[in-house]
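All remarks here apply to the structure that follows.
Every value quoted in this text rests on a predicted model; they were computed, and no experiment measured them. Within every chain, numbering begins at 1; the chains are lettered A, B, ... in the order of the sequence lines, protein sequences first and strands thereafter.
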2 protein chains.
Amino acid sequence: MSTRRDAVHDTLRRSEGFRSAQDVYAEMRQHGAKIGLTTVYRALQALADGGQVDVLRTDDGESVYRACASGDHHHHLVCRRCGHTVEVAGPAVERWAEAVGGEHGFTEITHTVEVFGTCASCSASVRAG
Amino acid sequence: MSTRRDAVHDTLRRSEGFRSAQDVYAEMRQHGAKIGLTTVYRALQALADGGQVDVLRTDDGESVYRACASGDHHHHLVCRRCGHTVEVAGPAVERWAEAVGGEHGFTEITHTVEVFGTCASCSASVRAG
DNA sequence: GGAGATTTTGACAACCATTTTCATTTTGCC
DNA sequence: GGCAAAATGAAAATGGTTGTCAAAATCTCC
């Protein structure tokens, strides 16, 4: 029903890595879109609730969003310099989390796993400095 | 040097799970401590920087702290109901993170891994109603 | 096509954890 | 004691996010 939500989703899809709400808002305005910050937040939240985008928190507490290729459960390998993100599957980690939880009598196990690093091209440009 | 920082550290040590800064502050005041919120934040930050407490972010963006028994790298199994926390080691996860990063040409790999669940006593009390 | 109900939108204000500011107090040192 | 440096904390500022509410867009039934 909402063109706005789709517009937000599209903007996200065009991005390489995770983007903040403010960021998405700024970009959309720059491209001439008539949309309010409130609506961007609402759209992002709706998309996240519907599982159409992934959310994570930066170190400084900002929520960042990404339209992922895979709808299945997966994790992220994020370049801490340029934000470039690779989706990775980790069956070993899933099993480990379940096992660890089970050992201690925990049920309804969920987990958060994110991997950060410096991607190849960023470490190259740092060396070129 | 600072009695304040120790007091904050002690308060944290007496707690079972992760506590927010506001939380620690409230508790200290309740016990008659003369301390300001600013100082609690500063102490917590210093302790975190020094690796004496672990930090993580709740879903709603609040920072929560915990004085952990182990100074070594470890992860947490947190009860999402009562906050009860178990420290767990996960050599398999460490290796997995390194491997995944390496495969994609990433260097200086770090990772965040947290496991959530409902602990045995909480699921028992839920069943009991 | 249109009146009225319903939903969506967005400018603005409110929230709230966290940080900054800065004047005061405490501490370390001689 | 006296003085400089560090620590403290009350109050104000910050900033991402959420709530409010009136205007605008959309739907619905006739």
Side-chain angles (χ1 to χ4, degrees), chain A residues 1-12 15 17-67 78 80 83 85 112 114, chain B residues 1-12 15 17-67 78 80 83 85 112 114:
Chain A
M1 65 180 68
S2 83
T3 322
R4 309 293 184 168
R5 184 175 308 180
D6 290 340
V8 169
H9 200 178
D10 285 347
T11 303
L12 227 41
S15 305
F18 283 87
R19 310 288 301 271
S20 72
Q22 309 267 353
D23 204 7
V24 169
Y25 170 70
E27 177 165 331
M28 293 182 77
R29 298 290 292 213
Q30 207 136 49
H31 285 268
K34 292 277 287 291
I35 192 170
L37 182 55
T38 311
T39 306
V40 173
Y41 272 105
R42 275 194 287 241
L44 250 17
Q45 220 154 44
L47 289 166
D49 287 350
Q52 289 150 308
V53 305
D54 286 354
V55 197
L56 60 85
R57 296 247 175 199
T58 62
D59 281 343
D60 56 323
E62 220 178 353
S63 294
V64 287
Y65 304 82
R66 179 167 200 265
V78 185
R80 67 167 68 81
T85 300
T112 67
E114 304 299 337
Chain B
M1 68 179 63
S2 84
T3 321
R4 309 291 185 167
R5 184 176 307 179
D6 290 341
V8 169
H9 200 178
D10 284 347
T11 303
L12 226 42
S15 305
F18 283 86
R19 311 287 301 271
S20 73
Q22 308 269 352
D23 204 7
V24 169
Y25 170 69
E27 177 166 331
M28 292 181 77
R29 299 290 293 213
Q30 207 137 48
H31 285 269
K34 291 277 286 291
I35 192 171
L37 183 54
T38 310
T39 306
V40 172
Y41 272 104
R42 275 194 287 241
L44 249 17
Q45 220 155 43
L47 289 166
D49 287 351
Q52 289 151 306
V53 305
D54 286 356
V55 196
L56 59 84
R57 296 246 175 200
T58 62
D59 281 342
D60 56 323
E62 220 179 353
S63 293
V64 287
Y65 304 82
R66 179 166 200 266
V78 185
R80 69 167 66 80
T85 300
T112 67
E114 303 299 337

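- Minimum interatomic distance between B/V55 and B/A48 (heavy atoms only, all atoms of both residues): CG2-CB, 3.5 Å.
- For the segment residues 35-44 of chain A, the set of residues with a heavy atom within less than 4.0 Å of an atom of DNA chain D comprises A/T38, A/Y41, in numerical order.
- Taken from CD in A/E27 to OG1 in A/T11, the straight-line distance is 6.0 Å, to the nearest 0.5 Å.
- With axes fitted over five pairs at each extremity, the angle between the ends of the helix from C/dG1-D/dC30 to C/dC30-D/dG1 is 30° (10° resolution).
- The interatomic distance linking A/D60 (CG) with D/dT14 (P) rounds to 17 Å, in whole Å.
- B/M28 places a side-chain heavy atom less than 4.5 Å from the side chain of B/V24.
- Distance from the side chain of A/Q22 is smallest for D/dG16 among the nucleotides C/dT18, D/dG16, C/dG10.
- Counting all heavy atoms, side chain and backbone alike, B/D54 lies closest to B/F18 at O-CE2, 3.8 Å.
- For the OP1/OP2 pair of D/dA25 and a distance below 4.0 Å, the side-chain nitrogens and oxygens of A/R4 include no atom meeting the criterion.
- With rounding to whole Å, A/D59 atom CG is found 15 Å from D/dG16 atom P.
- Distance CG (B/D6) to P (D/dT8): 10 Å, rounded to an integer number of Å.
- Between B/E62 atom CD and D/dG16 atom C1' the separation is 14 Å, expressed in whole Å.
- If you measure from atom OH of B/Y25 to atom P of D/dT8, you get 14 Å, rounded to the nearest angstrom.
- Nucleic acid contact class of B/S20 (heavy atoms, under 4.0 Å, all strands): none.
- Without hydrogens or angle criteria, B/R57 side chain to A/D59 main chain gives a donor-acceptor distance under 3.5 Å.
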Show which side-chain atoms of residues 30-47 of chain A pair as donor or acceptor with protein atoms under 3.5 Å away, not counting sequence neighbours.
unit_1 : atom_1 : unit_2 : atom_2 : d
A/Y41  : OH     : A/Q22  : NE2    : 3.0

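- One finds no side-chain N or O of A/Q45 lying less than 4.0 angstrom from the OP1 or OP2 phosphate oxygen of D/dT17.
- One can place CZ of A/R5 at 16 Å from C1' of D/dA25, the figure rounded to the nearest angstrom.
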